Number of protein chains: 2
Amino acid sequence: MSALPDTASPLYEKVKDYILSNIGTGKWSKDSKLPSENEFVAALGVSRMTVHRALRELTSAGFLIRLQGVGTFIAPPKPQSTLIEINNIAAEIVARGNRHRSEVLVLEKITPTKELSLSFEFAKRAAIYHSVVVNFENDLPVQLEERFVNPILIPDYDKQDFSKTATYDYLMQRTPVTEVEHIISAVPADAEKARHLAIDVGACCLLLHRRTWTGAVVATISKLTYVGSRYSLGSRYSPSRKT
Amino acid sequence: MSALPDTASPLYEKVKDYILSNIGTGKWSKDSKLPSENEFVAALGVSRMTVHRALRELTSAGFLIRLQGVGTFIAPPKPQSTLIEINNIAAEIVARGNRHRSEVLVLEKITPTKELSLSFEFAKRAAIYHSVVVNFENDLPVQLEERFVNPILIPDYDKQDFSKTATYDYLMQRTPVTEVEHIISAVPADAEKARHLAIDVGACCLLLHRRTWTGAVVATISKLTYVGSRYSLGSRYSPSRKT
DNA sequence: ACGCGGGAAAAGTATATACATGTATGTATA
DNA sequence: TATACATACATGTATATACTTTTCCCGCGT
(Lines give C-alpha, C1' and ligand atoms only; values in the text may rest on other atoms or scores of the structure.)
Protein backbone atom coordinates (compact mmCIF):
# COMPACT_ATOMS: atom_id res chain seq x y z
CA MET A 1 0.00 0.00 0.00
CA SER A 2 1.23 3.46 -0.77
CA ALA A 3 0.17 7.02 -0.07
CA LEU A 4 1.20 8.10 -3.54
CA PRO A 5 -1.30 8.98 -6.26
CA ASP A 6 -1.89 6.65 -9.17
CA THR A 7 -1.08 8.93 -12.08
CA ALA A 8 1.13 8.63 -15.11
CA SER A 9 3.76 11.07 -13.86
CA PRO A 10 7.17 9.80 -12.78
CA LEU A 11 7.64 8.54 -9.28
CA TYR A 12 9.79 11.40 -8.01
CA GLU A 13 7.06 13.83 -9.11
CA LYS A 14 4.51 11.89 -7.13
CA VAL A 15 6.75 12.09 -4.10
CA LYS A 16 7.11 15.85 -4.61
CA ASP A 17 3.35 16.25 -4.85
CA TYR A 18 2.88 14.13 -1.78
CA ILE A 19 5.28 16.26 0.24
CA LEU A 20 3.94 19.56 -1.09
CA SER A 21 0.35 18.71 -0.32
CA ASN A 22 1.27 17.63 3.17
CA ILE A 23 3.07 20.90 3.71
CA GLY A 24 -0.09 22.64 2.54
CA THR A 25 -2.32 20.79 4.97
CA GLY A 26 0.03 21.53 7.85
CA LYS A 27 0.79 17.89 8.52
CA TRP A 28 4.28 18.96 9.46
CA SER A 29 4.45 22.16 11.43
CA LYS A 30 6.70 24.98 10.33
CA ASP A 31 9.14 24.47 13.15
CA SER A 32 9.44 20.72 13.48
CA LYS A 33 11.40 18.80 10.92
CA LEU A 34 10.09 16.61 8.16
CA PRO A 35 10.65 12.84 8.14
CA SER A 36 14.15 11.78 7.20
CA GLU A 37 14.89 10.28 3.80
CA ASN A 38 14.93 6.80 5.26
CA GLU A 39 11.58 7.38 6.93
CA PHE A 40 10.12 8.42 3.60
CA VAL A 41 11.60 5.29 2.07
CA ALA A 42 9.86 3.15 4.66
CA ALA A 43 6.59 5.06 4.43
CA LEU A 44 6.32 5.30 0.67
CA GLY A 45 8.08 2.18 -0.53
CA VAL A 46 10.43 3.91 -2.97
CA SER A 47 14.20 4.03 -3.03
CA ARG A 48 16.18 6.59 -1.11
CA MET A 49 17.59 8.10 -4.33
CA THR A 50 14.08 8.83 -5.53
CA VAL A 51 13.13 10.47 -2.24
CA HIS A 52 16.39 12.38 -2.32
CA ARG A 53 15.70 13.71 -5.78
CA ALA A 54 12.23 14.86 -4.79
CA LEU A 55 13.56 16.61 -1.71
CA ARG A 56 16.45 18.17 -3.61
CA GLU A 57 14.18 19.63 -6.25
CA LEU A 58 11.78 21.01 -3.66
CA THR A 59 14.78 22.54 -1.91
CA SER A 60 16.11 24.23 -5.01
CA ALA A 61 12.59 25.45 -5.71
CA GLY A 62 12.66 27.18 -2.33
CA PHE A 63 10.06 25.15 -0.48
CA LEU A 64 12.41 23.34 1.85
CA ILE A 65 15.66 23.91 3.65
CA ARG A 66 17.95 20.97 4.24
CA LEU A 67 20.89 20.85 6.63
CA GLN A 68 23.34 18.05 6.27
CA GLY A 69 23.49 16.03 9.45
CA VAL A 70 20.38 17.71 10.83
CA GLY A 71 17.27 17.30 8.74
CA THR A 72 14.72 18.84 6.41
CA PHE A 73 12.59 21.84 7.30
CA ILE A 74 9.90 23.95 5.72
CA ALA A 75 11.40 27.13 4.28
CA PRO A 76 10.28 30.45 5.76
CA PRO A 77 8.34 32.78 3.43
CA LYS A 78 10.45 34.55 0.85
CA PRO A 79 12.43 37.66 1.80
CA GLN A 80 10.83 40.90 0.72
CA SER A 81 12.57 42.34 -2.25
CA THR A 82 11.62 43.86 -5.52
CA LEU A 83 13.29 43.41 -8.84
CA ILE A 84 14.11 45.92 -11.48
CA GLU A 85 14.90 45.02 -15.01
CA ILE A 86 17.76 46.56 -16.93
CA ASN A 87 17.62 46.40 -20.67
CA ASN A 88 20.02 46.77 -23.49
CA ILE A 89 20.43 50.49 -24.12
CA ALA A 90 20.44 50.15 -27.88
CA ALA A 91 17.19 48.21 -27.79
CA GLU A 92 15.63 50.72 -25.40
CA ILE A 93 16.49 53.68 -27.58
CA VAL A 94 15.11 51.99 -30.65
CA ALA A 95 12.01 50.91 -28.74
CA ARG A 96 11.34 54.56 -27.93
CA GLY A 97 11.39 55.29 -31.62
CA ASN A 98 14.68 57.17 -31.49
CA ARG A 99 17.86 56.77 -33.42
CA HIS A 100 20.73 54.88 -31.81
CA ARG A 101 24.35 55.26 -32.78
CA SER A 102 27.56 54.30 -31.07
CA GLU A 103 31.10 55.51 -31.34
CA VAL A 104 33.99 53.26 -30.42
CA LEU A 105 36.68 55.23 -28.58
CA VAL A 106 38.89 52.39 -27.43
CA LEU A 107 39.18 48.71 -28.32
CA GLU A 108 42.37 47.12 -27.13
CA LYS A 109 44.07 44.38 -25.21
CA ILE A 110 45.64 45.58 -21.99
CA THR A 111 47.49 44.33 -18.97
CA PRO A 112 45.10 44.94 -16.09
CA THR A 113 45.91 46.83 -12.96
CA LYS A 114 46.29 44.76 -9.85
CA GLU A 115 42.88 45.85 -8.67
CA LEU A 116 41.19 44.93 -11.93
CA SER A 117 42.94 41.58 -12.03
CA LEU A 118 41.58 40.99 -8.57
CA SER A 119 38.06 41.83 -9.70
CA PHE A 120 38.41 39.21 -12.40
CA GLU A 121 39.47 36.77 -9.74
CA PHE A 122 42.60 36.00 -11.72
CA ALA A 123 45.36 34.14 -9.98
CA LYS A 124 47.99 35.59 -12.29
CA ARG A 125 48.05 38.91 -14.12
CA ALA A 126 46.64 37.97 -17.53
CA ALA A 127 45.81 40.28 -20.43
CA ILE A 128 42.20 41.35 -20.90
CA TYR A 129 40.20 43.25 -23.46
CA HIS A 130 39.17 46.82 -22.85
CA SER A 131 36.61 48.83 -24.74
CA VAL A 132 35.11 52.27 -24.38
CA VAL A 133 32.02 53.14 -26.38
CA VAL A 134 29.73 56.16 -26.35
CA ASN A 135 26.06 55.56 -27.08
CA PHE A 136 24.00 58.30 -28.69
CA GLU A 137 20.26 58.84 -28.74
CA ASN A 138 19.40 61.10 -31.65
CA ASP A 139 23.02 62.30 -31.80
CA LEU A 140 22.98 63.30 -28.13
CA PRO A 141 25.44 61.25 -26.05
CA VAL A 142 23.58 59.50 -23.25
CA GLN A 143 25.84 56.71 -22.07
CA LEU A 144 29.52 55.96 -21.80
CA GLU A 145 30.24 52.27 -21.52
CA GLU A 146 33.59 50.94 -20.44
CA ARG A 147 33.99 47.18 -20.56
CA PHE A 148 36.64 44.72 -19.55
CA VAL A 149 36.26 41.30 -21.10
CA ASN A 150 37.83 37.96 -20.26
CA PRO A 151 39.65 36.71 -23.39
CA ILE A 152 39.35 33.12 -22.27
CA LEU A 153 35.62 33.22 -22.83
CA ILE A 154 35.46 35.72 -25.67
CA PRO A 155 38.73 35.33 -27.59
CA ASP A 156 37.97 37.58 -30.57
CA TYR A 157 36.37 40.51 -28.80
CA ASP A 158 38.86 43.04 -30.16
CA LYS A 159 38.18 42.09 -33.77
CA GLN A 160 34.54 43.18 -33.78
CA ASP A 161 33.00 46.30 -35.20
CA PHE A 162 30.99 47.63 -32.29
CA SER A 163 29.66 50.59 -34.17
CA LYS A 164 27.40 48.05 -35.88
CA THR A 165 26.78 45.37 -33.28
CA ALA A 166 26.23 46.50 -29.71
CA THR A 167 28.82 45.10 -27.32
CA TYR A 168 26.03 43.84 -25.09
CA ASP A 169 24.39 41.88 -27.88
CA TYR A 170 27.69 40.40 -28.94
CA LEU A 171 28.60 39.27 -25.45
CA MET A 172 25.19 37.86 -24.64
CA GLN A 173 25.20 35.69 -27.72
CA ARG A 174 28.73 34.53 -27.08
CA THR A 175 28.67 33.31 -23.54
CA PRO A 176 25.95 32.19 -21.12
CA VAL A 177 25.62 34.36 -18.02
CA THR A 178 25.10 32.40 -14.85
CA GLU A 179 25.35 35.23 -12.37
CA VAL A 180 25.26 39.00 -12.39
CA GLU A 181 26.37 41.58 -9.86
CA HIS A 182 25.12 45.14 -10.04
CA ILE A 183 26.01 48.26 -8.18
CA ILE A 184 24.16 51.45 -8.99
CA SER A 185 25.38 54.77 -7.70
CA ALA A 186 25.23 58.45 -8.50
CA VAL A 187 28.48 60.24 -9.19
CA PRO A 188 29.56 63.62 -10.54
CA ALA A 189 31.19 63.58 -13.96
CA ASP A 190 34.96 63.86 -14.09
CA ALA A 191 36.76 65.75 -16.84
CA GLU A 192 37.05 62.83 -19.21
CA LYS A 193 33.45 61.70 -18.86
CA ALA A 194 32.27 65.29 -19.21
CA ARG A 195 34.16 65.61 -22.47
CA HIS A 196 32.87 62.39 -23.99
CA LEU A 197 29.30 62.94 -22.88
CA ALA A 198 29.20 66.67 -23.65
CA ILE A 199 28.18 67.71 -20.16
CA ASP A 200 29.66 69.94 -17.45
CA VAL A 201 32.23 68.62 -15.05
CA GLY A 202 30.42 67.69 -11.85
CA ALA A 203 27.09 67.02 -13.55
CA CYS A 204 25.12 64.16 -12.05
CA CYS A 205 25.59 60.78 -13.65
CA LEU A 206 24.18 57.37 -12.98
CA LEU A 207 26.94 54.80 -12.66
CA LEU A 208 25.99 51.17 -13.20
CA HIS A 209 28.74 48.76 -12.33
CA ARG A 210 28.19 45.22 -13.50
CA ARG A 211 30.09 41.96 -13.25
CA THR A 212 28.92 38.84 -15.04
CA TRP A 213 29.98 35.26 -14.47
CA THR A 214 29.98 32.19 -16.66
CA GLY A 215 30.14 29.33 -14.24
CA ALA A 216 32.90 30.16 -11.81
CA VAL A 217 34.68 32.47 -14.25
CA VAL A 218 34.21 36.24 -14.37
CA ALA A 219 33.23 37.01 -17.94
CA THR A 220 32.89 40.79 -18.07
CA ILE A 221 33.19 43.87 -15.93
CA SER A 222 31.32 46.94 -17.13
CA LYS A 223 31.03 50.51 -15.98
CA LEU A 224 28.06 52.18 -17.58
CA THR A 225 27.78 55.93 -17.04
CA TYR A 226 24.43 57.47 -17.92
CA VAL A 227 23.91 61.21 -18.18
CA GLY A 228 21.51 61.93 -15.35
CA SER A 229 19.69 64.73 -17.09
CA ARG A 230 19.15 62.77 -20.28
CA TYR A 231 18.57 59.17 -19.27
CA SER A 232 17.01 57.09 -16.56
CA LEU A 233 16.61 53.39 -16.02
CA GLY A 234 13.04 52.24 -15.95
CA SER A 235 11.06 49.07 -15.79
CA ARG A 236 7.71 47.66 -14.93
CA TYR A 237 7.76 44.25 -13.47
CA SER A 238 5.24 41.68 -12.40
CA PRO A 239 6.66 39.58 -9.64
CA SER A 240 5.78 36.05 -10.66
CA ARG A 241 5.03 33.21 -8.36
CA LYS A 242 8.36 31.63 -9.02
CA THR A 243 10.00 29.86 -6.10
CA MET B 1 43.78 12.35 -16.85
CA SER B 2 40.67 14.41 -17.09
CA ALA B 3 39.50 17.68 -18.57
CA LEU B 4 37.81 18.58 -15.33
CA PRO B 5 39.22 21.16 -12.92
CA ASP B 6 40.87 20.08 -9.72
CA THR B 7 38.76 21.94 -7.20
CA ALA B 8 36.94 20.92 -4.08
CA SER B 9 33.48 21.23 -5.58
CA PRO B 10 31.45 18.10 -6.27
CA LEU B 11 31.93 16.23 -9.48
CA TYR B 12 28.63 17.12 -11.08
CA GLU B 13 29.43 20.79 -10.53
CA LYS B 14 32.74 20.35 -12.28
CA VAL B 15 30.95 18.73 -15.18
CA LYS B 16 28.51 21.65 -15.28
CA ASP B 17 31.35 24.16 -15.31
CA TYR B 18 33.14 22.18 -17.99
CA ILE B 19 30.07 22.19 -20.22
CA LEU B 20 29.26 25.86 -19.55
CA SER B 21 32.74 27.04 -20.35
CA ASN B 22 32.79 25.01 -23.53
CA ILE B 23 29.52 26.56 -24.55
CA GLY B 24 31.16 29.89 -23.85
CA THR B 25 34.17 29.20 -26.02
CA GLY B 26 32.00 27.99 -28.85
CA LYS B 27 33.40 24.48 -28.86
CA TRP B 28 29.97 23.25 -29.79
CA SER B 29 28.19 25.37 -32.33
CA LYS B 30 24.71 26.65 -31.65
CA ASP B 31 23.09 24.38 -34.21
CA SER B 32 24.89 21.09 -33.82
CA LYS B 33 24.18 18.95 -30.86
CA LEU B 34 26.33 18.38 -27.82
CA PRO B 35 27.97 15.02 -27.11
CA SER B 36 25.62 12.36 -25.81
CA GLU B 37 25.66 11.31 -22.18
CA ASN B 38 27.68 8.22 -23.04
CA GLU B 39 30.21 10.30 -24.96
CA PHE B 40 30.64 12.54 -21.93
CA VAL B 41 31.12 9.43 -19.84
CA ALA B 42 33.90 8.25 -22.13
CA ALA B 43 35.50 11.68 -22.39
CA LEU B 44 35.39 12.67 -18.72
CA GLY B 45 35.61 9.36 -16.93
CA VAL B 46 32.58 9.85 -14.72
CA SER B 47 29.42 7.81 -14.48
CA ARG B 48 26.45 8.42 -16.69
CA MET B 49 24.26 9.40 -13.72
CA THR B 50 26.67 12.17 -12.84
CA VAL B 51 26.71 13.47 -16.39
CA HIS B 52 22.95 13.19 -16.46
CA ARG B 53 22.58 15.24 -13.32
CA ALA B 54 24.85 17.97 -14.67
CA LEU B 55 22.91 18.10 -17.93
CA ARG B 56 19.56 18.04 -16.17
CA GLU B 57 20.47 20.97 -13.94
CA LEU B 58 21.83 23.00 -16.83
CA THR B 59 18.59 22.27 -18.67
CA SER B 60 16.38 23.40 -15.83
CA ALA B 61 18.56 26.50 -15.52
CA GLY B 62 17.74 27.27 -19.15
CA PHE B 63 21.11 26.78 -20.79
CA LEU B 64 20.31 23.58 -22.64
CA ILE B 65 17.40 21.94 -24.35
CA ARG B 66 17.16 18.17 -24.30
CA LEU B 67 14.94 15.97 -26.45
CA GLN B 68 14.48 12.38 -25.51
CA GLY B 69 15.65 10.14 -28.28
CA VAL B 70 17.35 13.02 -30.08
CA GLY B 71 20.04 14.81 -28.13
CA THR B 72 21.15 17.88 -26.24
CA PHE B 73 21.28 21.35 -27.75
CA ILE B 74 22.28 24.83 -26.70
CA ALA B 75 19.23 26.88 -25.73
CA PRO B 76 18.59 30.06 -27.71
CA PRO B 77 19.93 33.18 -25.96
CA LYS B 78 17.87 34.42 -23.06
CA PRO B 79 15.75 37.52 -23.23
CA GLN B 80 18.23 40.33 -23.16
CA SER B 81 17.59 41.91 -19.87
CA THR B 82 19.06 41.52 -16.48
CA LEU B 83 17.35 41.96 -13.18
CA ILE B 84 18.54 43.84 -10.18
CA GLU B 85 17.12 43.31 -6.77
CA ILE B 86 16.27 46.20 -4.50
CA ASN B 87 16.03 45.47 -0.84
CA ASN B 88 14.61 47.16 2.14
CA ILE B 89 17.07 49.86 3.19
CA ALA B 90 16.67 49.19 6.90
CA ALA B 91 17.42 45.51 6.39
CA GLU B 92 20.42 46.33 4.21
CA ILE B 93 21.94 48.65 6.76
CA VAL B 94 21.48 46.14 9.54
CA ALA B 95 22.85 43.38 7.32
CA ARG B 96 26.03 45.41 6.90
CA GLY B 97 26.37 45.46 10.66
CA ASN B 98 25.56 49.15 10.95
CA ARG B 99 23.00 51.00 13.00
CA HIS B 100 19.77 52.05 11.35
CA ARG B 101 17.55 54.86 12.58
CA SER B 102 14.78 56.81 10.95
CA GLU B 103 13.28 60.19 11.59
CA VAL B 104 9.72 60.94 10.57
CA LEU B 105 9.45 64.45 9.14
CA VAL B 106 5.92 64.34 7.79
CA LEU B 107 2.99 61.98 8.25
CA GLU B 108 -0.29 63.43 7.07
CA LYS B 109 -3.35 63.09 4.92
CA ILE B 110 -3.38 65.44 1.98
CA THR B 111 -5.38 66.34 -1.05
CA PRO B 112 -3.17 65.38 -3.97
CA THR B 113 -2.15 67.65 -6.77
CA LYS B 114 -3.76 66.96 -10.08
CA GLU B 115 -0.60 65.33 -11.33
CA LEU B 116 -0.30 63.05 -8.32
CA SER B 117 -3.94 62.09 -8.54
CA LEU B 118 -3.28 61.14 -12.13
CA SER B 119 -0.35 58.98 -11.11
CA PHE B 120 -2.64 57.14 -8.75
CA GLU B 121 -5.04 56.65 -11.65
CA PHE B 122 -7.80 58.18 -9.58
CA ALA B 123 -10.94 59.21 -11.35
CA LYS B 124 -11.80 61.79 -8.73
CA ARG B 125 -9.48 63.79 -6.51
CA ALA B 126 -9.40 61.67 -3.32
CA ALA B 127 -7.31 62.24 -0.22
CA ILE B 128 -4.10 60.23 0.17
CA TYR B 129 -1.50 59.69 2.83
CA HIS B 130 1.86 61.39 2.59
CA SER B 131 4.99 60.61 4.56
CA VAL B 132 8.54 61.85 4.53
CA VAL B 133 11.16 59.92 6.44
CA VAL B 134 14.93 60.24 6.64
CA ASN B 135 16.91 57.03 7.06
CA PHE B 136 20.23 57.12 8.89
CA GLU B 137 23.13 54.72 8.77
CA ASN B 138 25.26 55.22 11.87
CA ASP B 139 23.69 58.68 12.38
CA LEU B 140 24.64 59.76 8.86
CA PRO B 141 21.58 60.48 6.70
CA VAL B 142 21.69 58.28 3.60
CA GLN B 143 18.17 58.26 2.21
CA LEU B 144 15.16 60.52 2.08
CA GLU B 145 11.97 58.64 1.39
CA GLU B 146 8.78 60.35 0.36
CA ARG B 147 5.75 58.13 0.03
CA PHE B 148 2.19 58.55 -1.11
CA VAL B 149 -0.13 55.80 -0.01
CA ASN B 150 -3.58 54.84 -1.15
CA PRO B 151 -5.91 54.93 1.90
CA ILE B 152 -8.30 52.45 0.33
CA LEU B 153 -5.69 49.72 0.65
CA ILE B 154 -3.91 50.89 3.80
CA PRO B 155 -6.51 52.77 5.85
CA ASP B 156 -4.51 53.37 9.02
CA TYR B 157 -1.17 54.40 7.54
CA ASP B 158 -1.05 57.73 9.34
CA LYS B 159 -1.46 56.14 12.79
CA GLN B 160 1.79 54.21 12.69
CA ASP B 161 5.07 54.97 14.39
CA PHE B 162 7.54 54.74 11.54
CA SER B 163 10.52 55.50 13.68
CA LYS B 164 10.08 51.94 14.93
CA THR B 165 8.66 50.01 12.00
CA ALA B 166 10.05 50.83 8.57
CA THR B 167 7.42 52.08 6.17
CA TYR B 168 8.49 49.47 3.67
CA ASP B 169 7.99 46.60 6.11
CA TYR B 170 4.62 47.94 7.14
CA LEU B 171 3.37 48.27 3.59
CA MET B 172 4.69 44.93 2.46
CA GLN B 173 2.93 43.16 5.27
CA ARG B 174 -0.29 45.00 4.64
CA THR B 175 -0.87 44.52 0.96
CA PRO B 176 0.41 42.11 -1.68
CA VAL B 177 2.27 43.74 -4.53
CA THR B 178 1.32 42.41 -7.91
CA GLU B 179 3.26 44.84 -10.04
CA VAL B 180 6.08 47.32 -9.60
CA GLU B 181 7.32 50.18 -11.73
CA HIS B 182 10.78 51.61 -11.18
CA ILE B 183 12.58 54.57 -12.58
CA ILE B 184 16.13 55.21 -11.48
CA SER B 185 17.83 58.48 -12.27
CA ALA B 186 20.62 60.69 -11.04
CA VAL B 187 19.69 64.18 -9.93
CA PRO B 188 21.38 67.07 -8.11
CA ALA B 189 20.08 67.80 -4.63
CA ASP B 190 17.73 70.76 -4.29
CA ALA B 191 17.77 72.98 -1.22
CA GLU B 192 15.27 70.96 0.78
CA LYS B 193 16.89 67.61 0.10
CA ALA B 194 20.31 69.07 0.83
CA ARG B 195 19.11 70.26 4.20
CA HIS B 196 17.52 66.98 5.22
CA LEU B 197 20.39 64.84 3.99
CA ALA B 198 23.16 67.14 5.21
CA ILE B 199 24.80 67.54 1.81
CA ASP B 200 25.59 70.44 -0.49
CA VAL B 201 23.02 71.78 -2.89
CA GLY B 202 23.74 70.22 -6.27
CA ALA B 203 25.38 67.11 -4.86
CA CYS B 204 24.70 63.93 -6.81
CA CYS B 205 21.79 61.85 -5.60
CA LEU B 206 20.26 58.63 -6.80
CA LEU B 207 16.54 59.00 -7.26
CA LEU B 208 14.46 55.84 -7.24
CA HIS B 209 10.89 56.38 -8.25
CA ARG B 210 8.57 53.48 -7.54
CA ARG B 211 4.91 52.73 -8.08
CA THR B 212 3.34 49.57 -6.76
CA TRP B 213 0.04 47.99 -7.70
CA THR B 214 -2.26 45.65 -5.87
CA GLY B 215 -4.34 44.20 -8.63
CA ALA B 216 -5.47 47.08 -10.79
CA VAL B 217 -5.17 49.63 -7.97
CA VAL B 218 -2.10 51.80 -7.41
CA ALA B 219 -1.05 51.12 -3.83
CA THR B 220 1.95 53.39 -3.27
CA ILE B 221 4.10 55.93 -5.00
CA SER B 222 7.55 56.46 -3.54
CA LYS B 223 10.44 58.76 -4.26
CA LEU B 224 13.58 57.48 -2.63
CA THR B 225 16.55 59.81 -2.74
CA TYR B 226 19.89 58.25 -1.88
CA VAL B 227 22.99 60.31 -1.18
CA GLY B 228 25.28 59.36 -4.03
CA SER B 229 28.47 59.66 -2.07
CA ARG B 230 27.21 57.54 0.80
CA TYR B 231 25.01 54.87 -0.64
CA SER B 232 24.65 52.66 -3.68
CA LEU B 233 22.22 49.99 -4.70
CA GLY B 234 23.76 46.59 -5.12
CA SER B 235 22.71 43.06 -5.79
CA ARG B 236 24.01 39.77 -6.98
CA TYR B 237 21.59 37.69 -8.91
CA SER B 238 21.49 34.30 -10.50
CA PRO B 239 19.24 34.46 -13.50
CA SER B 240 16.90 31.51 -13.60
CA ARG B 241 14.97 30.60 -16.63
CA LYS B 242 11.49 32.03 -16.49
CA THR B 243 8.85 31.13 -19.02
C1' DA C 1 9.13 5.20 -55.34
C1' DC C 2 6.99 4.37 -51.27
C1' DG C 3 5.95 2.59 -46.89
C1' DC C 4 6.86 -0.28 -43.14
C1' DG C 5 9.45 -2.56 -39.57
C1' DG C 6 13.12 -3.14 -36.73
C1' DG C 7 17.25 -1.90 -34.63
C1' DA C 8 20.34 1.60 -32.84
C1' DA C 9 20.82 5.53 -30.16
C1' DA C 10 19.50 8.98 -27.03
C1' DA C 11 17.42 10.73 -22.93
C1' DG C 12 14.45 9.48 -18.75
C1' DT C 13 13.63 6.91 -14.61
C1' DA C 14 14.40 3.74 -10.70
C1' DT C 15 17.09 1.03 -7.65
C1' DA C 16 20.86 -0.91 -4.70
C1' DT C 17 25.00 0.12 -2.85
C1' DA C 18 28.84 2.49 -1.04
C1' DC C 19 31.11 6.04 0.85
C1' DA C 20 31.59 11.10 2.27
C1' DT C 21 30.45 14.77 5.25
C1' DG C 22 28.27 17.28 8.73
C1' DT C 23 25.69 17.37 13.35
C1' DA C 24 24.09 16.08 17.72
C1' DT C 25 24.54 13.35 21.69
C1' DG C 26 25.97 10.35 25.14
C1' DT C 27 29.83 8.43 27.67
C1' DA C 28 34.28 7.94 29.46
C1' DT C 29 38.12 10.29 31.21
C1' DA C 30 40.99 14.03 33.14
C1' DT D 1 32.62 19.74 36.00
C1' DA D 2 34.37 19.94 31.59
C1' DT D 3 36.59 18.20 27.66
C1' DA D 4 37.44 14.60 24.19
C1' DC D 5 36.06 10.83 21.78
C1' DA D 6 32.92 7.50 19.87
C1' DT D 7 28.75 6.75 17.79
C1' DA D 8 24.46 7.22 15.55
C1' DC D 9 22.04 9.56 12.24
C1' DA D 10 21.14 12.90 8.81
C1' DT D 11 22.01 14.60 4.21
C1' DG D 12 25.29 14.64 0.04
C1' DT D 13 27.60 12.41 -3.72
C1' DA D 14 29.09 8.76 -6.95
C1' DT D 15 28.66 4.52 -9.34
C1' DA D 16 26.84 0.35 -11.67
C1' DT D 17 22.97 -1.53 -13.47
C1' DA D 18 18.56 -2.20 -15.49
C1' DC D 19 14.78 -0.91 -17.76
C1' DT D 20 11.63 2.53 -20.32
C1' DT D 21 10.38 5.84 -23.77
C1' DT D 22 11.16 8.37 -27.79
C1' DT D 23 13.23 9.34 -32.06
C1' DC D 24 15.89 8.56 -36.08
C1' DC D 25 17.33 6.04 -39.87
C1' DC D 26 18.45 2.22 -42.70
C1' DG D 27 17.12 -1.56 -45.30
C1' DC D 28 13.71 -4.52 -47.03
C1' DG D 29 9.60 -5.61 -49.55
C1' DT D 30 6.00 -4.28 -52.45
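Side-chain atoms are counted along with the backbone in the values below, which use heavy atoms only and exclude waters and symmetry mates. Keep in mind the model is a prediction, meaning the values are calculated, not measured. Here is the naming used below: chain letters follow the sequence lines, and residue numbers restart at 1 for every chain.
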[X] [atom1] - [N] [atom2] separation (whole Å):
{"X": "B/Glu37", "N": "D/dT23", "atom1": "CD", "atom2": "C1'", "result": "15 Å"}
{"X": "A/Leu58", "N": "D/dT11", "atom1": "CG", "atom2": "C1'", "result": "15 Å"}
{"X": "B/Ile65", "N": "C/dG12", "atom1": "CD1", "atom2": "P", "result": "12 Å"}
{"X": "B/Ile19", "N": "C/dA11", "atom1": "CD1", "atom2": "P", "result": "11 Å"}
{"X": "B/Phe73", "N": "C/dA10", "atom1": "CZ", "atom2": "C1'", "result": "10 Å"}
{"X": "A/Leu64", "N": "D/dT11", "atom1": "CG", "atom2": "P", "result": "11 Å"}
{"X": "B/Arg66", "N": "D/dT21", "atom1": "CZ", "atom2": "P", "result": "18 Å"}
{"X": "A/Lys33", "N": "C/dG22", "atom1": "NZ", "atom2": "C1'", "result": "13 Å"}

Give me the one residue out of B/Thr220, B/Ile221, B/Val180 that meets side chain to side chain contact (heavy atoms under 4.5 Å, CB included) with B/Arg211.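 Exactly one candidate clears the test, B/Ile221.
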Any ion pair linking A/Glu57 and A/Lys16 (charged N to carboxylate O, less than 4.0 Å)?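 A salt bridge links A/Lys16 with A/Glu57.
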With the threshold set at 4.0 Å, does a side-chain nitrogen-carboxylate oxygen contact exist between A/Lys223 and A/Glu146?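 No.
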Which base sits across from C/dA30 as a Watson-Crick or G-U pair, both distances under 3.5 Å?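 Check on C/dA30: paired to D/dT1, both distances under 3.5 Å.
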Set out, in order, the CA-CA distance, both residues' side-chain angles and the distance that settles salt bridge (Lys or Arg N to Asp or Glu O under 4.0 Å) for A/Arg53 and A/Glu13, then state yes or no. CA-CA 9 Å; A/Arg53 175 166 177 185; A/Glu13 288 290 351; over 6 Å; no
Return the orientation label for the B/Tyr18 and B/Phe40 ring planes: parallel under 30°, perpendicular over 60°, tilted otherwise.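 B/Tyr18 and B/Phe40: perpendicular rings.
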Do A/Asn150 side-chain atoms and A/Val218 backbone N/O form a donor-acceptor pair below 3.5 Å?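 Yes.
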With rounding to the nearest 0.5 Å, note down the distance linking CD1 in B/Ile183 to CD in B/Glu181.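 The distance works out to 5.0 Å.
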Close side-chain approach of A/Tyr168 and A/Ile89, heavy atoms under 4.5 Å: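 A/Tyr168 vs A/Ile89: side chains apart.
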Who passes side chain to side chain contact (heavy atoms under 4.5 Å, CB included) against A/Glu39, sequence neighbours left out?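 With sequence neighbours excluded, A/Glu39 shows a side chain to side chain contact (heavy atoms under 4.5 Å, CB included) to A/Pro35, A/Ser36, given in chain and number order.
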B/S/- along nucleotides 13-18 of chain C (protein heavy atoms under 4.0 Å) is BBBBBB
N/O to N/O distances under 3.5 Å, protein versus nucleotides 23-27 of chain C:
none

Hey, is the side chain of A/Thr72 poking within less than 4.0 Å of OP1 or OP2 on D/dA10, counting only N and O atoms?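 For D/dA10, neither OP1 nor OP2 has a side-chain N or O of A/Thr72 closer than 4.0 Å.
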